[in-house]
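Written below as structure tokens is the structure these notes are about.
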Amino acid sequence: IMMCDKLNLPVKKVNLGQFYKDFCVDIQKDSADGLTLAETAELFSDMKAVSLKSVGMEEDTDDPVCKLWNEIAQIDPVPHVQAKTPSMDEDEEGSEDPTISAVAFLSFVRAQQKEFKTSLEDVLTKFQLLNHQITLEDMDTMTPSTLVKNNERINRSRFISYLTGDT
């Protein structure tokens with residue numbers, strides 16, 4: 001219940017058990033075995049989607065955090081250019097997470113959070129801290145190459161981590 005409160009999931013205690021049992025059935029796991037950290041993150045993600053739908057919201061369009069992310073990404077003056085790898089076809093696009101630049105983030109911090117003294121160097125330092133944290137999403141795909149991040153950009157999960165004060 002405390003985790004649901006922290007994640008702003010309006011889930012009643014009586015529904016938690018059923019969510020858990022249904023999730024275990026979906027991933028073909030005995031509910032008595034417990035969940036790994038990555039499975040727990042997936043469970044919370046599923047619960048968020050269900051709770052948003054129950055109040056008539058879609059996760060990527062109606063969630064205030066997602067709306068804020070999309071607004072910042074749209075006004076980002078430094079577009080993300082993805083380098084193609086030799087194994088990619090001409091028309092193939094990568095599956096890299098969308099990111100925002102330090103410049104766009106600085107604009108957000110100054111305009112929305114009224115932190116006018118924040119500098120670009122402050123933002124780059126914050127990005128370095130955010131990008132060197134291992135998130136739940138990293139747990140499934142953790143390899144040495146995924147741990148090297150561009151400290152001039154952050155993805156949505158790290159932006160949400162910043163907003164929710166998890167950093």
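Just the heavy atoms: all of them, side chains too, but no hydrogens, waters or symmetry mates, feed the values below.
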Heavy-atom side-chain proximity of L163 to V65 below 4.5 angstrom: yes

Would a 4.5 Å heavy-atom cut-off, applied to side chains only, mark V123 and E152 as touching? no

Strictly by modelled atom types, are Q18 and D22 linked by a side-chain donor-acceptor pair under 3.5 Å? yes

Should F116 and F105 be regarded as members of a common hydrophobic cluster, given that ILVMFWY residues are connected when their side-chain heavy atoms come within less than 4.5 Å of each other, either directly or indirectly? no

Does K29 NZ have over 12 foreign heavy atoms under 6.0 Å away? yes

Mind checking what makes side-chain contact (heavy atoms from CB on, under 4.5 Å) contact with E121, not counting sequence neighbours? S119

Hey, can you tell me if W69 and F159 have their rings parallel, tilted or perpendicular (30° and 60° cut-offs)? tilted

Please walk me through it: do D76 and R153 pass salt bridge (Lys or Arg N to Asp or Glu O under 4.0 Å)? CA-CA 11 Å; D76 193 344; R153 306 189 73 81; 3.2 Å; yes

Non-hydrogen atoms of S31 and C24 that approach each other most closely: CA-SG, 3.6 Å

When you measure from the side chain of D30 to the backbone N and O of D33, does any donor-acceptor pair fall under 3.5 Å? no

Verify side-chain contact (heavy atoms from CB on, under 4.5 Å) between I154 and N131, making sure each step is shown before the conclusion. CA-CA 7 Å; I154 58 170; N131 284 331; 3.8 Å; yes

Do K126 and L130 have side chains that get closer than 4.5 Å, going by heavy atoms? yes

Rounded distance [0.5 Å steps], CG in D26 versus CD in E42: 9.0 Å

Report the residues that fulfil side chain to side chain donor-acceptor pair (under 3.5 Å) with T36, sequence neighbours left out, ordered by chain and then residue number. E39

Just so I know, are the side chains of L35 and F23 near enough to count as touching, which here means a heavy-atom distance under 4.5 Å? yes

Atom of A73, atom of I100 and distance for their closest heavy-atom approach: CA-CG2, 3.9 Å

Let me see the working for H132 and N151 under side-chain contact (heavy atoms from CB on, under 4.5 Å), right down to the final yes or no. CA-CA 9 Å; H132 283 87; N151 289 322; 3.5 Å; yes

Using a 3.5 Å distance criterion without hydrogens, assess whether the side chain of D122 forms a donor-acceptor pair with backbone atoms of T118. no

With rounding to the nearest 0.5 Å, note down the distance linking CG in L106 to CZ in F127. 9.0 Å

Does M47 share a hydrophobic cluster with V25, counting links as ILVMFWY side-chain heavy atoms below 4.5 Å and allowing steps through other members? no

Under 4.5 Å between side-chain heavy atoms, hopping through other hydrophobics if needed: is there a path connecting L120 to F108? yes

